[in-house]
Every structure is written in structure tokens, then in C-alpha cells.
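So the structure is just underneath, and the comments pick up after that.
Every heavy atom of this structure was used, including side-chain atoms; hydrogens, water molecules and symmetry mates were not. For reference, positions follow the sequence shown, starting with 1.
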Amino acid sequence: MIALHPRARRVLLPLLLCAVGSLALSAQAAPTTTPAAPSLAKVQALISSASHGRATAQSIFAGPGGLTGAVVTYKDAPNAPPSVIWVNDDASALLVGKLIGPKGEDLDKQAAQKVGLLLAPAQALAAAALPATHSIMAGSKGPVLTVFIDPNCIFCHMLYQQLEPLIAKGALRARYVLVAVVKRSSFDKAAAILSAKNPAAALQQDQAAFDPKTEEGGIKPDTAPTKAVTDRISANNALMSKAGGDGTPMLLFCSKDGSVQQLEGMPRDVNTLLAEMTSGPAPACGG
């Protein structure tokens, strides 16, 4: 996967880690009764102490395994989005970092979606399908795979190449949402694609002339894009970030189990991915 742009919370959380030091959740014998969840005041007292007053708990919610989730903001970065950290059952220790479920699921991201800090996959898909994203649809048959793509992303390029034959035979459609997160030149190249008379042909040109050695798309950058185009790319970047995407490609699709799924990075096998896809129930999946 490409080098990902970290979200603001991953820059700020080391402040807490330094403050917390070696404080960690310790294994304890199971209590005979379930302890009451800590109050917001008690959680805030811990977070304020551990962060030396840098962080504030805005709200709390029940988490997995007796943990309490806290929605936290940071005085050092007032414009950064809130993040989720975890508190043990008696509010004596913080758990800061990635919380993974038994099936490898990202419980931090699920919690952020639950409390509205991040868009759920179905919400992100609905937003990506709106005309305002100026997405590029390739193909005319089959379920729709939504791909957030950067013109300079090597793994986006590899995915684009693997999807082409599936699109050509009508097995699927690809909705490409242009973003610019990989290199400084990504923005001007995305602008060149969206400003073209035929954006689909411009994207094809970018991919056909892609240089794997330098990881550079082949489209000539637009060094003087209109404000409308720059605003659109910025909005697409924000949408990917709001969906919890840390880098490209980010994929959204309707699964045969009836849910909308989100994947980040290059899928291991596009045919396996295709076998999981369906044309509904979300209209954005071609239903």
C-alpha cells in the first residue's frame, strides 16, 4: 500500500502516549459483579491528568470488553477532528492506539462511525455517487465499484489495470472519484483530468502513460486550475478523510450480505472481490 497520509489524531495521540508512559491496562481477575461504567467527569479527570491538560473528553460511550470510549479534542490543535480513545473499567488507565476486534476489524473506526465522527460506508458511498464529486464512470454493466483514485498512486494504477478487462466484458462498472493525496503534483494532475473535455479519456491517458519507476501519472498537470475544480478536489479529499480513508485506493461496494463494504489499499484479488459484490441494495451500487 502507498505511504498513507495520517489523520490528525495519529499526530496528536503521541502527546498522550508520552504523558501516559508505561501506564497500561493490566490483566485482572474477573470481578464477581460488573463494575459501573466511569462517569464523564472521572474520564475527563484521567485524560486531563495524563495529557497535562492538552486533551478534553467531550463525551463517553460504552465500548467492547468493558472499555469506555471517549470522544477527545485537543487544545494544541483546535482545528483537528475529534478522536476516540479508550478507558478501562475504573478509569485508572488509558488505551491509546489501534483497537482490533477478533476478526481483524478496526474497532476505533467502527466507534468513530457509531458516534458520528466518521461516515459509515453506506453514507460515504451515497456521497461519492452524488454529481458534485464529478466522478468518472467506466463501463455500462455489472455492479459498481467506487474507487477513490489519485493520479500518482501506483496501487491505484495497478488496480485500474486489473479492472479494465472486467469492465470491458461487462462484469462490473468502476466509479472513479478523483482525489489528490499522494504527491504535490497530484492536485494539478487531478485538476487536469477533471478540467478535460472528456475526463474519462483524460484518466485513461494518465493511466496509459503512468511511469511505475517514478510513480507518476502520465497526464500533464494543470498549473492554473479554476477555483471550481480546486474546490471539487478539496471536497473529494475531505469526503475520503471523513470516511476514514488514510490513503488510496479506497474502495466502496455493495456486498452480497446486503451491507456496504469499505476497503483501503489494493485488494488481494479482484476476482475474489468481484465475487463478493452485488448491484444492490444501495442505488449507488447499480441497483
Applying ring pair (Phe, Tyr, Trp, His ring centres under 6.0 Å), which residue pairs with at least one partner in [range] are found, sequence neighbours left out?
| range | result |
| --- | --- |
| residues 261-280 | none |
| residues 208-267 | His157-Phe210 |
| residues 260-284 | none |
| residues 82-130 | Phe61-Trp86 |

Taking all non-hydrogen atoms of both residues into account, name the closest pair between [X] and [Y] and its distance.
| X | Y | result |
| --- | --- | --- |
| Ala91 | Val87 | CA-CG1, 3.4 Å |
| Ile167 | Ala174 | CD1-CB, 3.8 Å |
| Gly245 | Met250 | CA-SD, 3.6 Å |
| Ala57 | Ala70 | CB-CB, 4.5 Å |
| Gln123 | Leu118 | OE1-O, 4.4 Å |

Audit row: Tyr74, Ser51, side chain to side chain contact (heavy atoms under 4.5 Å, CB included) steps and yes/no: CA-CA 9 Å; Tyr74 304 88; Ser51 66; over 6 Å; no

To the closest 0.5 Å, what do you measure between [atom1] ([X]) and [atom2] ([Y])?
| X | Y | atom1 | atom2 | value |
| --- | --- | --- | --- | --- |
| Leu145 | Arg173 | CG | CZ | 11.5 Å |
| Ile219 | Asp206 | CD1 | CG | 6.0 Å |
| Leu252 | Phe148 | CG | CZ | 6.0 Å |
| Thr73 | Gln58 | OG1 | CD | 4.0 Å |

Applying side-chain contact (heavy atoms from CB on, under 4.5 Å), name anything that partners [X], two or more places apart in sequence or on another chain.
| X | answer |
| --- | --- |
| Glu216 | Asn152, Lys183, Ser185, Lys189, Thr214 |
| Ser140 | none |
| Ala200 | Ile136, Asn198 |

Linked, directly or transitively: Leu40 and Leu46 (ILVMFWY side chains, under 4.5 Å):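 Same hydrophobic cluster.
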
Side chain to side chain contact (heavy atoms under 4.5 Å, CB included) evaluation trace for Asn88 with Leu94: CA-CA 7 Å; Asn88 68 336; Leu94 300 176; over 6 Å; no

Whichever hydrophobic residues join Val144 through chains of side-chain contacts under 4.5 Å: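 Val144 clusters with Met137.
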
Lys/Arg N to Asp/Glu carboxylate O, Lys109 vs Glu264, below 4.0 Å: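 A salt bridge links Lys109 with Glu264.
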
Ser48 (side chain) donor-acceptor with Gln44 (main chain) under 3.5 angstrom: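 It does not hold such a pair.
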
Side chain to side chain contact (heavy atoms under 4.5 Å, CB included) evaluation trace for Gln207 with Ile149: CA-CA 11 Å; Gln207 294 298 305; Ile149 185 172; 4.2 Å; yes

Distance-only donor-acceptor check, side chains Ser241 and Asn237, under 3.5 Å: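 Checked: Ser241/Asn237 side chains show no N/O donor-acceptor pair below 3.5 Å.
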
Could you pull out every donor-acceptor pair under 3.5 Å between side chains of residues 221-229 and any protein atom, sequence neighbours left out?
unit_1	atom_1	unit_2	atom_2	d
Asp222	OD1	Ala224	N	3.1
Thr226	OG1	Val229	N	3.3
Lys227	NZ	Asp231	OD2	2.7

Partner set under ring pair (Phe, Tyr, Trp, His ring centres under 6.0 Å) for Tyr160, not counting sequence neighbours: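 Ring pair (Phe, Tyr, Trp, His ring centres under 6.0 Å) list for Tyr160, sorted by chain: Tyr176.
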
Of all pairs that satisfy salt bridge (charged side-chain N to carboxylate O under 4.0 Å, His left out), the ones with a partner from residues 131-142, not counting sequence neighbours: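 Applying salt bridge (charged side-chain N to carboxylate O under 4.0 Å, His left out) to every pair that reaches into residues 131-142, excluding sequence neighbours, yields nothing.
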
Candidate pair Asp108 and Lys98, rule salt bridge (charged side-chain N to carboxylate O under 4.0 Å, His left out), full reasoning: CA-CA 6 Å; Asp108 288 355; Lys98 187 70 71 176; 5.0 Å; no

Show every donor-acceptor pair shorter than 3.5 Å between a side-chain atom in residues 125-133 and any protein atom, with sequence neighbours excluded, or say none if there are none.
unit_1	atom_1	unit_2	atom_2	d
Thr133	OG1	Ala128	O	3.0
Thr133	OG1	Leu130	O	3.0
Thr133	OG1	Ser135	N	3.4

